[in-house]
Amino acid sequence: MNYLVTGGAGYIGSHTVKALIERGDDVTILDNFSTGHRWATQGQRIIEVDLRDLHLLRSALSGETFDGVFHFAAKSLVAESNQRPLFYYQNNVAGTANLLEVAIENNWMHFVFSSSAAVYGTPETALIAEDHSTLPINVYGKTKLAMEGMMQDVCAAQEFSAISLRYFNAAGAALDCSLGESHEPETHLIPNALKAASGSGQPLTIFGYDYPTPDGTCIRDYIHVEDLANAHLKAMDYVRNHQGFEVFNLGNGQGFSVKDVFSACERAAGKSIPHVLGDRRKGDPTSLVSDATKARKILAWEPLHTKLEGIVESAWAWETK
Ligand code: UDP
């Protein structure tokens, strides 16, 4: 099969490209390299274009044939999204409208879309299933929800099929150490802790220690990036045979506190990690843990790297490479 992967130079996109190559698919990466990396493109064909520019996008893609589109390209920093809402709406929402327009013009009717648990907002239940209310509490989550809504409307209006994958906390690196997480600035817990451990970053700030959780720090559901990548392949196989729109959560269904993760990072690094206790970070829900039963049942997806230790060790191997 021949797939277009927008944002294929980014963290989750590049791991999905790797999984596609490994199963023998052809890949074209579309990226504007605003946050993606050329080293992450793995020798695949690249189309460098910005989704916001409909005319350039149309001409860059004219005459192409794809069996499906994986759509990762988006801005994803919560704090930045609240500071620059229009930038986020332009990039994420308007960019997706442009991509859908060009995809439909070219008859690429199967989409797998990169969404986020941020669409849920403040959890009302310990485990979050897909039917949980969607009341995002930051602009990033609002744009992801708007992108989902757009795809759902397109699916209702014509023969188009899309799956939206709502990730919980993507983490870790490729087990062969060829790819991993590299954001600038880095905002995520595990890379920040490991950078503090290796000396390539500042001491870790633990954002908030007075949350109503057993140890006072926030709880998240960490899912290995290779498990996420495999879910995309399964979702594409599904969406190519099922008309309409579906959402699936992707997570391990197990919550770990910031302190749990910090301790796992210290064990992986074999040293104590410089850190400070700081204020809460604005917009952080206390706990986000998935119920991903639907993906397991319908997509027959089974995460393989479910142990926090293993996830963190793969990130440490990448950090120290
Ligand atoms: N966090 C932290 N220090 C950091 C980065 C993150 O204490 O330098 C906390 C953050 O407040 C949240 C958890 O770690 O409770 C996971 O944050 P991350 O940014 O990795 O992912 P998010 O859950 O925001 O998608």
Side-chain angles (χ1 to χ4, degrees), residues 10-12 35 72 74-83 88 92 114-123 127-128 136-145 165-173 180-198 200-225 228 249-266 268-269 273-290 308 311-312 314-316 318-319:
Y11 175 42
I12 303 165
T35 53
F72 295 93
K75 294 286 164 194
S76 62
L77 297 179
V78 168
E80 184 186 50
S81 76
N82 290 332
Q83 285 150 9
Y88 270 66
N92 295 1
S114 165
S115 187
S116 165
V119 301
Y120 293 115
T122 307
L127 294 184
I128 301 173
I137 56 171
N138 52 58
V139 173
Y140 167 64
K142 288 180 186 175
T143 64
K144 286 282 169 176
L145 192 59
L165 299 175
R166 294 175 175 168
Y167 317 144
F168 283 66
N169 286 60
E181 190 163 11
S182 178
H183 299 112
E184 190 52 58
E186 188 52 76
T187 62
H188 293 110
L189 174 61
I190 294 174
N192 274 350
L194 297 179
K195 280 183 193 313
S198 70
S200 67
Q202 300 295 313
L204 179 76
T205 301
I206 293 181
F207 294 135
Y209 47 91
D210 58 351
Y211 283 96
T213 60
D215 68 15
T217 63
C218 284
I219 291 174
R220 294 288 182 277
D221 178 347
Y222 294 86
I223 170 93
H224 193 272
V225 65
L228 278 185
N249 283 342
L250 295 179
N252 278 317
Q254 251 185 303
F256 293 99
S257 72
V258 172
K259 281 191 180 163
D260 291 334
V261 173
F262 177 74
S263 301
C265 289
E266 288 198 318
I273 297 177
H275 65 285
V276 291
L277 298 178
D279 293 337
R280 291 183 179 198
R281 188 171 67 177
K282 209 170 151 243
D284 273 343
T286 302
S287 172
L288 283 175
V289 184
S290 69
L308 180 62
I311 293 174
V312 170
S314 74
W316 178 244
W318 167 251
E319 172 62 28

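In each ligand, atom 1 is the first atom listed, and ligand 1 is the first ligand listed.
Atom CG of Asp210 sits in a crowded spot, with more than 12 heavy atoms from other residues, nucleotides or ligands closer than 6.0 Å.
Protein heavy atom closest to atom 24 (O) of ligand 1, with residue, atom name and distance, is Arg281 NH2, 2.8 Å. Among protein heavy atoms, the minimum distance from atom 4 (C) of ligand 1 is reached at Phe207 CE1, 3.4 Å. For atom 12 (C) of ligand 1, the closest non-hydrogen atom on the protein side is Asp284 OD2, 3.9 Å. Among protein heavy atoms, atom 8 (O) of ligand 1 sits closest to Asn192 ND2, 3.1 Å.
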Test side chain to side chain contact (heavy atoms under 4.5 Å, CB included) applied to Arg280 and Cys218, step by step: CA-CA 9 Å; Arg280 291 183 179 198; Cys218 284; over 6 Å; no

Residue pair Thr286, Ile219: steps toward the side chain to side chain contact (heavy atoms under 4.5 Å, CB included) verdict: CA-CA 6 Å; Thr286 302; Ile219 291 174; over 6 Å; no

Steps toward side chain to side chain contact (heavy atoms under 4.5 Å, CB included) verdict (Thr35, Lys75): CA-CA 8 Å; Thr35 53; Lys75 294 286 164 194; 3.8 Å; yes

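Considering backbone and side-chain atoms together, Ile206 places no N or O closer than 3.5 Å to any N or O of ligand 1. Considering backbone and side-chain N/O atoms, Leu189 comes within less than 3.5 Å of an N/O atom of ligand 1.
For ligand 1 and Thr205, the ligand atoms under 4.0 Å from any heavy atom of the residue are 2 (C), 3 (N), 4 (C), 7 (O), 8 (O). Shown in contact with His188 at under 4.0 Å from a heavy atom are these atoms of ligand 1, numbered in order with element: 5 (C), 18 (P), 19 (O), 20 (O), 21 (O). The contact set between ligand 1 and Val258, taken as ligand atoms under 4.0 Å from a residue heavy atom, comprises 7 (O), 9 (C), 13 (C), 14 (O), 15 (O). Interface of Thr187 with ligand 1, defined as ligand atoms under 4.0 Å from a residue heavy atom, comprises 5 (C), 6 (C), 19 (O). Per-residue contacts place Cys218 under 4.0 angstrom from the following atoms of ligand 1 (heavy atoms of the residue considered): 15 (O). Close contacts of ligand 1 with Asn169, meaning ligand atoms under 4.0 Å from a residue heavy atom, involve 16 (C), 21 (O), 22 (P), 23 (O), 25 (O).
Of all heavy-atom pairs between His224 and Ser314, the closest is NE2-OG, 3.1 Å.
The closest heavy-atom contact to atom 23 (O) of ligand 1, among the options Lys195, Arg220, Glu186, Lys259, comes from Arg220.
At a cut-off of 3.5 Å, with distance as the only test, a side-chain donor of Ser257 or Asp260 sits close to an acceptor on the other residue. Of the N and O atoms on the side chains of Asn249 and Ser290, not one donor lies less than 3.5 Å from an acceptor on the other residue. Side chains of Ser114 and Tyr167: a donor on one and an acceptor on the other come within 3.5 Å. For the residue pair Glu80 / Tyr88, a side-chain donor-acceptor distance below 3.5 Å is found, with atom types taken as modelled.
Close to ligand 1: Tyr222, with a non-hydrogen atom less than 4.0 angstrom away.
By the criterion of a heavy-atom distance under 4.0 Å, the side chain of Leu204, and not its backbone, is placed next to ligand 1.
For the pair Asp284 and Arg220, the minimum side-chain heavy-atom distance is below 4.5 Å.
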